[in-house]
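Structure, as structure tokens:
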2 protein chains.
Amino acid sequence: MLYTVKEISELAKVTVKTMHHYHRIGLLLPCCVSDAGYRLYGEKELERLQQILFYRELDFPLKEIKKLLDGEPERLSILACQKQLLFSRMQRLERLVQTIDESIRCTAEGVMMDKKAMFNGFGTEQEWKEALSEQTQYLKAKYNYDLIEENPIDVASMNQSAQDAMHFMVRMANALREGVRFDDQKVQNLIERHIHSLNKQGHVTTAASFAAQAKFFLHDEFHRNMLEAQQTGLSYYLYVAAEDLATKKV
Amino acid sequence: MLYTVKEISELAKVTVKTMHHYHRIGLLLPCCVSDAGYRLYGEKELERLQQILFYRELDFPLKEIKKLLDGEPERLSILACQKQLLFSRMQRLERLVQTIDESIRCTAEGVMMDKKAMFNGFGTEQEWKEALSEQTQYLKAKYNYDLIEENPIDVASMNQSAQDAMHFMVRMANALREGVRFDDQKVQNLIERHIHSLNKQGHVTTAASFAAQAKFFLHDEFHRNMLEAQQTGLSYYLYVAAEDLATKKV
DNA sequence: TCTAAGGGCTCCTGTTAGGGTAGAGTCAAC
DNA sequence: GTTGACTCTACCCTAACAGGAGCCCTTAGA
């Protein structure tokens, strides 16, 4: 599949002029040129354009983008690096928001703001960027493999919990609200008693399997929402407490 | 108190050239000029320069900045508007990070990525900015007063890392309240960015060590209470999310 | 088969936001 | 009263495109 300049420009939301420009400076060459001299781009070029745009977003000069892309052909490490750079850009913006908040406060109160604090977050990123850009090697070594592999959510297929867990949950929620530690004896007893009652009702459950179930609740949208609706943080509290009990019981 | 170009340039981290330029185009005039023709700036000019830099950060052309600042002399409404703009810029960056994540996944799996999805988040902000910039009136009416009242915590007295940590916790608490999954990309990114920032500040931290730290918070009365005071369940949420990130990173 | 609309190409000039020197005047301290 | 840091204007330079002129290519429809 080949794309004309127009098609590319619509896909990537750049102007045709930009495509011409990138061709002229050798940043992004068309994969072939038609008899009539039309530029035609393929998948590879699309990928490269994407990288270019990420770097451009971060205000890298085109010359440097070219150097970086020509020097490092590994798409994955480039992407990982770009992600880090986007992160630090976001942090910079967060810093700026803090500065704005400070300014708003001072202006509202009529207080004079600290002159230096007025410009917090403005100059710093450039230095960071350079530092990071030089550290590409380091980042690559550190993050490349880390960031790549994805996890398939290992959903332990558990049977449905009984409806009378309601009572148990209410007590757990109360404990959470009252600030009772997850490893407090009261909480542990609560869980043990609940497990006991589950077994009585025919649901064979151990501390470990209960912990697994709690973990499942974390992943399962329905159960998690149900618990969180009852009390914010309940699903996480339950999981941590159950996990703790299970490890102690081994 | 009057400042020379050099002093200003060091305070605001801009070059003297920039100051000259802003003078020439009438964007930022010195409050007075010495006999020898030296530019001298006062507090008012510092404030205006701050506004200029905020707008510049958002890629507003200088002409438009001039129009905006000359048209709207109310500092508070300008700041409130700029804050909104910074937020939407951050959202855009978040979308770009999502796009990167998608790209990383597809590249790692060798799957061909949807061509349009490859460029998600690139072109859109400009339109937003224009829309927002036109809506200044609206934003002013809607946000001006909302945004002003600040939390009583004395932000100024906190050091950078404490501010970062607070900011991070606030966002985590929001995520928890809003029912965002612990393994949602947004939360994961939040943590990654926080780790990133910790490392920047000299605290060498990995996903694993951060998870260990979160675990320690669970056990430590003081930290747990602090987190739970901020939002019920936060310490558990933080731990589960951190643990999840760490296991993914192995 | 002709034609008009819509792309596309090159070449040239224009714009924005400054950067880099030069050459000369100025300030502040020892 | 001289030295070194600072400042001024003036002029030219650069990056990353944008706009337009003038001309070519392609393809759907009469």
Side-chain angles (χ1 to χ4, degrees), chain A residues 2-42 45 48-49 51-69 122-123 125-126 129-130, chain B residues 1-42 45 48-49 51-69 122-123 125-126 129-130 133:
Chain A
L2 295 178
Y3 304 85
T4 66
V5 270
K6 186 88 191 298
E7 285 162 347
I8 291 264
S9 74
E10 275 163 7
L11 256 176
K13 292 148 203 159
V14 295
T15 65
V16 173
K17 278 288 174 188
T18 302
M19 296 305 294
H20 288 174
H21 188 56
Y22 290 175
H23 186 185
R24 184 164 20 254
I25 65 174
L27 178 57
L28 180 61
L29 306 170
C31 70
C32 58
V33 176
S34 80
D35 291 348
Y38 285 23
R39 295 167 177 87
L40 294 171
Y41 301 85
E45 286 69 34
R48 187 172 167 110
L49 178 55
Q51 318 274 42
I52 293 171
L53 294 183
F54 278 127
Y55 277 128
R56 192 181 66 165
E57 180 66 31
L58 295 158
D59 298 318
F60 278 64
L62 299 187
K63 266 188 187 169
E64 201 178 333
I65 297 179
K66 183 165 152 55
K67 245 189 292 177
L68 286 171
L69 291 184
F122 274 121
E125 193 209 23
Q126 224 61 14
K129 200 180 66 187
E130 283 158 21
Chain B
M1 176 76 188
L2 294 178
Y3 303 87
T4 67
V5 269
K6 185 89 191 298
E7 285 162 348
I8 290 267
S9 74
E10 275 165 6
L11 257 175
K13 293 146 200 162
V14 295
T15 65
V16 173
K17 273 289 175 189
T18 302
M19 296 305 294
H20 289 174
H21 189 56
Y22 291 176
H23 186 184
R24 188 167 15 259
I25 66 174
L27 178 57
L28 180 61
L29 306 170
C31 70
C32 56
V33 176
S34 79
D35 291 349
Y38 284 25
R39 295 168 178 85
L40 295 170
Y41 301 85
E45 286 70 34
R48 187 172 167 111
L49 178 56
Q51 318 276 41
I52 292 171
L53 293 183
F54 277 126
Y55 277 128
R56 191 181 66 166
E57 179 66 31
L58 294 158
D59 298 319
F60 279 65
L62 299 186
K63 268 188 188 170
E64 202 178 332
I65 297 179
K66 183 165 151 53
K67 244 189 292 177
L68 286 171
L69 291 184
F122 273 122
E125 193 210 23
Q126 224 61 14
K129 200 180 68 186
E130 283 158 22
S133 146

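Letters go in sequence order (proteins before strands), and every chain restarts at 1. Because the structure is predicted, anything quoted here is derived from the model rather than measured.
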Using whole Å, report how far CG of A:Asp59 lies from C1' of C:dG18.
14 Å
In whole angstrom, what separates A:Arg39's CZ from D:dC25's P?
15 Å
Figure out the CD/C1' separation between A:Glu7 and D:dT26, and round it to whole Å.
13 Å
May I ask you to test the B:Gln51-B:Leu68 pair for a side-chain heavy-atom distance under 4.5 Å?
no
Restricting both atoms to N or O, compile the protein contacts to nucleotides 16-20 of chain D shorter than 3.5 Å, with distance only.
from	atom 1	to	atom 2	distance (Å)
D:dA16	OP1	A:Leu62	N	2.8
D:dC17	OP1	A:Arg56	NH1	3.2
D:dC17	OP2	A:Tyr22	OH	2.7
D:dA18	OP2	A:Thr15	OG1	2.6
D:dG19	N7	A:Lys17	NZ	3.3
D:dG19	O6	A:Lys17	NZ	3.0
D:dG20	O6	A:Lys17	NZ	2.7

Side chain of B:Thr4 - closest among C:dC9, D:dT9, D:dT7
D:dT7
For B:Ile52 and B:Ile65, the nearest pair of non-hydrogen atoms, with its separation, is O-CD1, 3.8 Å
Determine, stepwise, if the pair A:Leu62 / A:His21 fulfils side chain to side chain contact (heavy atoms under 4.5 Å, CB included).
CA-CA 10 Å; A:Leu62 299 187; A:His21 188 56; 4.0 Å; yes
What side-chain donor-acceptor pairs closer than 3.5 Å can you find for residues 31-42 of chain A, not counting sequence neighbours?
from	atom 1	to	atom 2	distance (Å)
A:Ser34	OG	A:Ala36	N	3.2
A:Ser34	OG	A:Tyr38	N	3.1
A:Arg39	NE	A:His23	ND1	2.7
A:Arg39	NH1	A:His20	NE2	3.4

Could you tell me the separation between the CE atom of A:Met19 and the C1' atom of C:dC9, rounded to a whole number of Å?
15 Å
B:His23 atom NE2 is separated from D:dT7 atom P, nearest whole Å, by 15 Å
Qualifying residues under ring pair (Phe, Tyr, Trp, His ring centres under 6.0 Å), relative to A:Tyr55, sequence neighbours excluded
A:Phe60
Pair B:Arg48-B:Leu27, side chain to side chain contact (heavy atoms under 4.5 Å, CB included): steps then yes or no:
CA-CA 9 Å; B:Arg48 187 172 167 111; B:Leu27 178 57; 4.3 Å; yes
For B:Ile8 and D:dT7, give me the distance from atom CD1 to atom P, rounded to whole Å.
11 Å
With sequence neighbours excluded, tell me which residues meet salt bridge (Lys or Arg N to Asp or Glu O under 4.0 Å) with A:Glu10.
A:Lys6
Grab the N/O contacts between the protein and nucleotides 1-3 of chain D below 3.5 Å, and write none if there aren't any.
none

Qualifying residues under side-chain hydrogen bond (donor to acceptor under 3.5 Å, both in side chains), relative to B:Thr18, sequence neighbours excluded:
B:Thr15
With sequence neighbours left out, the residues meeting salt bridge (Lys or Arg N to Asp or Glu O under 4.0 Å) with B:Lys67 are none
How many Å lie between NE2 on B:His20 and P on C:dT21, as a whole number?
16 Å
Round to the nearest Å and state the distance from A:Lys6 atom NZ to C:dG6 atom P.
10 Å
Between protein and nucleotides 24-30 of chain C, map the contacts as a letter string: B base, S sugar-phosphate only, - none, heavy atoms under 4.0 Å, written 5' to 3'.
-BBS---
Taking atom OH of A:Tyr22 and atom CG of A:Leu53, what is their separation to the nearest 0.5 Å?
6.5 Å
Sub-4.5 Å side-chain heavy-atom contact between A:Glu45 and A:Ile8:
no
